[in-house]
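What follows is one structure encoded as structure tokens, with my remarks underneath.
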Amino acid sequence: MAKAQDFTATLKDMMGAFPVDTAAFEGAFKNQAALGEKFSSVALEAVEKSAAISTKWTSETLAKLGDMSKVKAEPADYAKAITDFASAQAEVASENMAAFAEVAKKVQMETVELMMAAGKSASEEATTAVKKATEDMTAAAKKATAAAK
């Protein structure tokens, strides 16, 4: 019966001739983690500001409801209280929607800045990694060619 050839040594030599630089992978992982942290920071800040706006809006609404629900001397005073409440709510709603829009605008600007910086960084890293890989492969190919002669 024919004995199967052991390719372990051959494969080991071949893999050794073409080394893989794991530093590029580690660097990419670290950069991705840092980018994720920055995005999380932007999102958490926006949530915090939105919650503060909502809380303030709710508090103001409840205070005005308290004023509106007080006993009035004349029936016409009830109509005036409701009208005052409605106009105050319209004004507060407008202010708060503008505040929410500012939060959204800031998040959008910061996100675009992060994406542009990440794209630039990724492009630079890719160029460096490709250049290094080309140099390593050329050196390994020259070494393999010299060893084969």
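Residues forming a side chain to side chain donor-acceptor pair (under 3.5 Å) with T8 (at least two apart in sequence, or on another chain): D6. Judged as a side chain to side chain donor-acceptor pair (under 3.5 Å), and not counting sequence neighbours, K72 has no contacts. In this structure, the salt bridge (Lys or Arg N to Asp or Glu O under 4.0 Å) partners of K80, at least two apart in sequence or on a different chain, are D84. Here Q89 pairs with T61 under the side chain to side chain donor-acceptor pair (under 3.5 Å) rule; sequence neighbours left out. Partners of K70 according to the salt bridge (Lys or Arg N to Asp or Glu O under 4.0 Å) rule, which considers only residues two or more places apart in sequence or in another chain, are D67. Here T138 pairs with T134, K142 under the side-chain contact (heavy atoms from CB on, under 4.5 Å) rule; sequence neighbours left out.
Enclosure of atom CD in E135 by more than 12 non-hydrogen atoms of other residues, nucleotides or ligands within 6.0 angstrom is indicated.
Side-chain contacts under 4.5 Å among hydrophobic residues (ILVMFWY), followed directly or transitively, place L62 together with L65, M68, I82, F85. Connectivity analysis of hydrophobic side chains (ILVMFWY, heavy atoms under 4.5 Å, direct or indirect) links Y78 to V71.
A salt bridge between E60 and K56 is present, with a side-chain N of the basic residue lying under 4.0 Å from a carboxylate O of the acidic one.
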Distance-only check: which donor-acceptor pairs under 3.5 Å involve side-chain atoms of residues 96-117, not counting sequence neighbours?
from, atom 1, to, atom 2, distance (Å)
N96, ND2, V92, O, 3.1
K106, NZ, E45, OE2, 2.6
T111, OG1, V107, O, 2.7

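The backbone N or O of G66 lies less than 3.5 Å from a partner atom in the side chain of S69, making a donor-acceptor pair. Between the side chain of T55 and the main chain of A51, a donor-acceptor pair closer than 3.5 Å is present.
One distance of note links NZ of K64 with OG of S87; it measures 9.5 Å at 0.5 Å rounding. Expressed to the nearest 0.5 Å, how far OG of S40 lies from CD of E37 amounts to 8.0 Å.
For residues 85-99, there are no salt bridge (charged side-chain N to carboxylate O under 4.0 Å, His left out) pairs, not counting sequence neighbours.
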